[in-house]
Protein chains: 2
Amino acid sequence: MPAPVRSQLTHALETGSKAERAIANYMLSTLDQVPFETAASLAEKVGVSEATVGRFCRGIGYTSFKDLKEHLKDDLGDHPWLVSDRLNELRNTARDDESHLSQGMELEIAAVVRIYEYARSPEWQNVVARLARTQNVYVAGFQTERGLAQYFANQMQYLRDKVTLVDLAGGNFAEVLATDPDACLVIFEARRYSRLAKLLAREAKSAGIPVTLITDVFCDWGHEAADEVFAVPTQFNQFWDSTAQMASLSNLIINGVCMELGPQVEERLNRIAGLYGRFTGHVGDPVAAIEK
Amino acid sequence: MPAPVRSQLTHALETGSKAERAIANYMLSTLDQVPFETAASLAEKVGVSEATVGRFCRGIGYTSFKDLKEHLKDDLGDHPWLVSDRLNELRNTARDDESHLSQGMELEIAAVVRIYEYARSPEWQNVVARLARTQNVYVAGFQTERGLAQYFANQMQYLRDKVTLVDLAGGNFAEVLATDPDACLVIFEARRYSRLAKLLAREAKSAGIPVTLITDVFCDWGHEAADEVFAVPTQFNQFWDSTAQMASLSNLIINGVCMELGPQVEERLNRIAGLYGRFTGHVGDPVAAIEK
DNA sequence: GCAAAAATGCAAGATAACTTTCACACGGTC
DNA sequence: GACCGTGTGAAAGTTATCTTGCATTTTTGC
């Protein structure tokens, strides 16, 4: 895999011919416009011919201008950062059968960045505040995302009381829909969406219960049925779409709720850990403690 | 009039037909990827035909998909779209009360890198091959990691038969420990480790059942009790440690098993989706299918 | 439950984007 | 000043992208 586009262009600034330097310079200074250009439009702006643009791109290691744009898309750049050495190591030493892996990794990193962008949005603050203050919190997940819902609910239960993982065991969702209206609902769902997810979201909304939907980018019914939609990237260049980063998102929410609730949570955490210790035990507990 | 494209798309979310809503939604969710798309690539991702994308763009006031991109150029404005720029944006514009967030992000990215390093290790291949071939797969998770175990198990069940999420409901783990010895076990656990996790791992190991432990970096009893230990970073500069990246790791394993099993999984996937469709239904299924 | 209308996909045709070929211009060298 | 190599643009050729017409499916209204 060739080095990041930006550094290739910078390199060309020094080594290239006159026209090449001009192209590289123009691209670097208007990098965020580049994806909208075609070889022809770029050529005209720089004052060279279309063919030269193509040759230039081929010269610095891409098969075409289109190919360069393609790389730009998931380019993490060449800025020094925490793990760059290891990242580059993985990128560069990948055997052919592994290159899909390292490409997947870059996409997964982009997903993490996306999630942290969400964490600074106003709607995020809404959700966190609501999850901290609302009397009853309900969590639902369907199909493979049920585990994520449970993960979220279990952690939330460490922080506050009255958090329930809902299910269809009773054949309806009365536990959410026909109860204390001081409630809110979080749903985890991804393609192919369960009929239940949409139905539950709708019913809850019309019952006046705020709904937060954590889903993938393909969900087209989210906005009509939920108050907030967090669309998490799920395609990481693998055979199997991965909703794993929803777990990261939910942990960030948990953390937000934690801070919203303040120091009082600590006491609850200890109490619950104590309960777990007495009923089940932790590794390293003195044997005596277990036998009580 | 800020961001006409965005508002046009938002408007289409409400007024458009099914396919149109899907297109608008996808474009909005991945707005900064749109410049790289062509009508065809977009159509494939959204699951509509190329022609529909063109018609949609014309429908909301542009002459073509290309024309829409042309307008997007102005609207996207100075919003950074390159992942590296977005990263820097998050890093640099963080208000004081957010700086712990962006530091956490870097750690979380490092965790992703760590996981992909694992995915290239020999022991990883062992685990993947074993999970594909062993007759019975058992999965366990304790405390908050139980959800992750369920997540893993549910996905695995889509790929192969005889995957069981074990629990202590019966008061022992006979389902794993006193049964067909052609079995393997995956355990998810993090601090403070449940006594059960260690005990189960030991018992399984001495019963000749290979054990894979997915845990945090603090686990000091893993190597004596498990055959493979994947230690996932969990400290992201937050109040609350996050085991979320275990989900990413488990999805990578799933993906590996998927490839190991080969094309035959596809049939199983379809069969299971079909079952889900008939018993519960998916969003978008014709009403008739649900009433059968 | 049916028919009319709208929406959609397919495939062929049209257009735009890109590559290749070839000839010429410029700069340096003998 | 002729020679040679490199870089370049124009035009022709190739491929990708988009549009259009038509058949089919889905939705809507009664």
Side-chain angles (χ1 to χ4, degrees), chain A residues 5 9 11-27 33-73 192 195 198 218 220-221 224, chain B residues 5 9 11-27 33-73 277 281-292:
Chain A
V5 176
L9 290 176
H11 185 242
L13 270 185
E14 289 154 19
T15 61
S17 69
K18 208 175 97 189
E20 290 181 344
R21 287 198 310 275
I23 296 171
N25 178 58
Y26 184 84
M27 285 222 243
Q33 297 291 310
V34 170
F36 298 100
E37 307 275 1
T38 70
S41 69
L42 197 96
E44 199 202 327
K45 281 169 193 155
V46 178
V48 298
S49 79
E50 204 177 330
T52 304
V53 173
R55 270 191 290 259
F56 169 72
C57 295
R58 232 158 300 124
I60 61 172
Y62 305 95
T63 66
S64 67
F65 179 64
K66 236 182 320 186
D67 185 47
L68 183 149
K69 282 199 286 187
E70 200 53 37
H71 281 82
L72 206 50
K73 181 164 69 175
R192 291 180 56 192
R195 197 175 59 85
K198 187 175 176 183
F218 304 102
D220 58 355
W221 50 271
E224 70 178 76
Chain B
V5 176
L9 290 175
H11 185 241
L13 270 185
E14 287 155 19
T15 61
S17 68
K18 208 173 94 188
E20 290 181 343
R21 285 199 313 273
I23 296 170
N25 175 65
Y26 184 81
M27 286 222 242
Q33 298 287 313
V34 170
F36 298 101
E37 305 277 0
T38 71
S41 69
L42 197 102
E44 199 203 327
K45 281 169 194 155
V46 177
V48 300
S49 80
E50 206 177 330
T52 304
V53 173
R55 274 191 287 255
F56 169 72
C57 295
R58 233 158 299 125
I60 60 171
Y62 305 95
T63 66
S64 68
F65 178 65
K66 242 183 312 184
D67 185 47
L68 184 149
K69 281 199 286 187
E70 203 52 38
H71 283 80
L72 200 57
K73 179 158 70 176
H282 294 106
V283 171
D285 282 349
V287 177
I290 298 167
E291 293 176 347
K292 266 176 197 167

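Quick note: numbers below take in every heavy atom, side chains included, and nothing from hydrogens, waters or symmetry partners. Within every chain, numbering begins at 1; the chains are lettered A, B, ... in the order of the sequence lines, protein sequences first and strands thereafter.
Annotation: salt bridge (Lys or Arg N to Asp or Glu O under 4.0 Å) contacts involving residues 36-64 of chain A, sequence neighbours excluded, comprise E37(A)-K45(A).
Taking for each of R55(B) and E20(A) the nucleotide of DNA chain D with the nearest heavy atom, the 5'-most of the two is the partner of E20(A).
Within the 4.5 Å cutoff, the side chain of I60(A) has heavy atoms near those of the L68(A) side chain. Side-chain contact check for L9(B) versus Y26(B): every heavy-atom pair is 4.5 Å or farther apart.
Of the side-chain N and O atoms in T52(B), one or more sit less than 4.0 angstrom from OP1 or OP2 of dG9(C). A close approach under 4.0 Å does not occur between any side-chain nitrogen or oxygen of S64(B) and OP1 or OP2 of dT17(D). An OP1 or OP2 oxygen of dC18(C) is reached within less than 4.0 angstrom by a side-chain nitrogen or oxygen of T38(A). Residue R21(B) places none of its side-chain N or O atoms closer than 4.0 Å to OP1 or OP2 of dA7(C).
In this structure, the CD atom of E37(B) is 17 Å from the P atom of dA16(D), given to the nearest Å. Regarding F65(A), its CZ atom lies at a distance of 13 Å from the P atom of dT17(D), rounded to whole Å. Straight-line distance from the OH atom of Y62(B) to the P atom of dT19(D): 15 Å, rounded to whole Å. The nearest whole Å value for the distance from the CD1 atom in I23(A) to the P atom in dG7(D) is 12 Å. Atom NZ in K69(B) sits about 15 Å away from atom P in dA16(C), given to the nearest Å. Between the CZ atom of F56(B) and the P atom of dT19(D) there is a distance of 14 Å, given to the nearest Å. Nucleotide dC18(D) holds its C1' atom 7 Å from the NZ atom of K66(B), rounded to whole Å.
In the helix from dG1(C)-dC30(D) to dC30(C)-dG1(D), the terminal helix axes, each the rotation mapping four pairs' C1' atoms onto the next four within five end pairs, subtend 30°, rounded to 10°.
Among the atoms of the strands shown, none is found under 4.0 Å from any heavy atom of S41(B).
The nucleotide whose nearest atom lies closest to any side-chain atom of A39(A) is, among dC18(D), dC18(C), dT19(C), dC18(C).
Listed by residue number, the members of residues 44-51 of chain A with any heavy atom below 4.0 angstrom from DNA chain D are G47(A), V48(A), S49(A), A51(A).
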